[in-house]
Amino acid sequence: YAELVSGYKAQLAWNYICENSKLLKLPEKEYQETYDTMLDSARTNAQSKDMSLEDYVKSLGYDSLDDYYAYLEDKSENICYEDMILYYIVRRENINYTDEYYDEQILAMVEEYQISDLSAAEDFLDYYYGIENVREEVRMKYAQEWIADNAKVKDDVHTVYDNNLNGGK
């Protein structure tokens with residue numbers, strides 16, 4: 001139950017931060033990289049199913065490729081927006097994880113592959129994702145947890161629905 005409440009508080013805090021932040025300029029390079037990565041992933045999935053991209057996106061529920069491209073544009077923009085907010089907070093608050101936290105996260109990332117040796121886990125993640133990307137992922141996860149831990153959110157799950165956090169719903 002405590003983990004559920006903690007996750008809920010983290011999501012509310014993050015939503016509140018995003019709703020009350022303003023991005024002055026979208027980082028074009030990161031936006032394009034995000035868009036291209038998601039499109040490449042869709043193409044790979046379509047190819048693995050012996051489908052055209054158009055048939056694949058229709059199987060996902062989109063009416064046309066243009067609708068899917070519009071979705072990718074919105075999704076890429078939102079990802080960049082949230083990443084920029086998170087990067088700002090990390091820099092501003094000088095957030096860094098401990099070695100123990102890093103080790104725990106690395107082992108958790110490879111748990112499904114039954115890798116329990118830290119060095120082997122790092123080698124595996126480095127091969128598939130690049131170790132710098134993995135370190136950045138751990139740092140961002142730590143930052144999100146830090147934000148939730150430092151947010152002023154009510155502890156009582158019944159009163160956490162206040163007007164400041166979810167618009168009075």
Side-chain angles (χ1 to χ4, degrees), residues 3-19 21-90 95 97 101-148 166-167 169:
E3 187 175 316
L4 177 65
V5 171
S6 176
Y8 186 64
K9 286 169 48 176
Q11 189 60 53
L12 285 174
W14 184 245
N15 288 349
Y16 184 76
I17 288 169
C18 290
E19 289 170 7
S21 297
K22 182 178 179 181
L23 183 63
L24 300 178
K25 183 178 181 214
L26 187 67
E28 288 300 321
K29 179 183 173 204
E30 289 81 359
Y31 168 84
Q32 196 61 52
E33 287 173 357
T34 302
Y35 181 93
D36 291 345
T37 298
M38 290 190 299
L39 183 56
D40 288 345
S41 178
R43 286 181 177 140
T44 300
N45 288 336
Q47 187 176 30
S48 73
K49 296 176 189 251
D50 291 325
M51 300 172 81
S52 69
L53 181 59
E54 184 171 10
D55 289 340
Y56 176 72
V57 300
K58 285 182 178 179
S59 77
L60 296 175
Y62 297 93
D63 293 332
S64 67
L65 274 175
D66 288 339
D67 288 344
Y68 186 69
Y69 294 148
Y71 160 77
L72 290 181
E73 289 170 4
D74 288 343
K75 183 75 172 168
S76 298
E77 189 172 314
N78 286 335
I79 288 170
C80 288
Y81 174 72
E82 289 189 14
D83 283 353
M84 294 302 295
I85 293 168
L86 200 52
Y87 290 133
Y88 174 78
I89 293 169
V90 165
I95 298 172
Y97 53 79
Y101 182 86
Y102 173 80
D103 295 350
E104 288 171 11
Q105 295 305 309
I106 294 300
L107 292 173
M109 288 178 183
V110 298
E111 186 174 357
E112 69 182 275
Y113 303 103
Q114 300 175 349
I115 300 172
S116 58
D117 177 70
L118 183 61
S119 180
E122 284 183 312
D123 289 345
F124 178 86
L125 293 170
D126 185 30
Y127 178 80
Y128 286 101
Y129 305 106
I131 200 64
E132 288 308 313
N133 292 330
V134 171
R135 286 187 179 121
E136 188 64 18
E137 182 70 25
V138 171
R139 187 173 189 193
M140 293 300 109
K141 184 173 192 285
Y142 183 80
Q144 288 174 328
E145 291 172 3
W146 182 91
I147 290 166
N166 73 357
K169 293 179 184 171

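For the residue pair I106 and A121, the shortest heavy atom distance occurs at CG2-CB, 3.6 Å. Taking each heavy atom of V57 and L65 in turn, the nearest pair found is CG2-CD2, 3.8 Å. Across I131 and D126, no two heavy atoms sit closer than the pair N-OD1, 2.9 Å. Taking every heavy atom of both residues into account, S76 and Y31 meet most closely at CB-CE1, 3.5 Å. When every heavy atom of P27 is checked against every heavy atom of L23, the shortest pair comes out as CD-CD2, 4.3 Å.
Annotation: side chain of L53 is in contact with side chain of L39 (closest heavy-atom distance under 4.5 Å). Looking only at side-chain heavy atoms (C-beta outward), Y87 and R139 stay at 4.5 Å or farther from each other.
Distance alone, capped at 3.5 Å, is enough to place a donor-acceptor pair between the N133 side chain and the Y129 backbone. In this structure, the side chain of S41 does not engage the main chain of T37 through any donor-acceptor pair within 3.5 Å.
Interatomic distance, CE of M140 versus OH of Y97, reported as 9.5 Å (0.5 Å rounding). In this structure, W146 CH2 and L86 CG are separated by 11.0 Å, a value rounded to the nearest 0.5 Å. In this structure, CG on D123 lies 9.0 Å from CD1 on I115, to the nearest 0.5 angstrom. In this structure, NZ in K29 is found 11.5 Å from SG in C80, a value given to the nearest 0.5 Å. Separating the CG atom in D55 from the CG atom in D50 is a distance of 11.5 Å, to the nearest 0.5 Å. Distance check, rounded to the nearest 0.5 Å: OH of Y128 to CE of M109 gives 16.0 Å.
Around atom CD of E33, more than 12 heavy atoms belonging to other residues, nucleotides or ligands sit under 6.0 Å away. Annotation for Y88: atom OH does not count as buried by contact number, only 12 or fewer foreign heavy atoms lying within 6.0 Å.
Salt bridge present: K141 and E145 bring a charged side-chain N and a carboxylate O closer than 4.0 Å.
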*asked:* One pair to check against side-chain hydrogen bond (donor to acceptor under 3.5 Å, both in side chains): D36 and Q32. What are the steps and the verdict?
replied: CA-CA 6 Å; D36 291 345; Q32 196 61 52; 2.9 Å; yes
*Which is it for D83 and T34 under the side-chain contact (heavy atoms from CB on, under 4.5 Å) test, yes or no, and what are the steps along the way?*
CA-CA 11 Å; D83 283 353; T34 302; 5.6 Å; no
*Chi angles and distances behind the salt bridge (Lys or Arg N to Asp or Glu O under 4.0 Å) call for D40, R43*: CA-CA 5 Å; D40 288 345; R43 286 181 177 140; 3.6 Å; yes
*Show the numbers, then the answer: is there a side-chain contact (heavy atoms from CB on, under 4.5 Å) between Y142 and V90?*
CA-CA 9 Å; Y142 183 80; V90 165; over 6 Å; no
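Counted by atom type alone, Y102 and E122 present one or more donor-acceptor pairs between their side chains at under 3.5 Å.
Relative ring orientation between Y68 and Y62 is described as perpendicular, the plane-to-plane angle rising above 60° on a 0-90° scale split at 30° and 60°.
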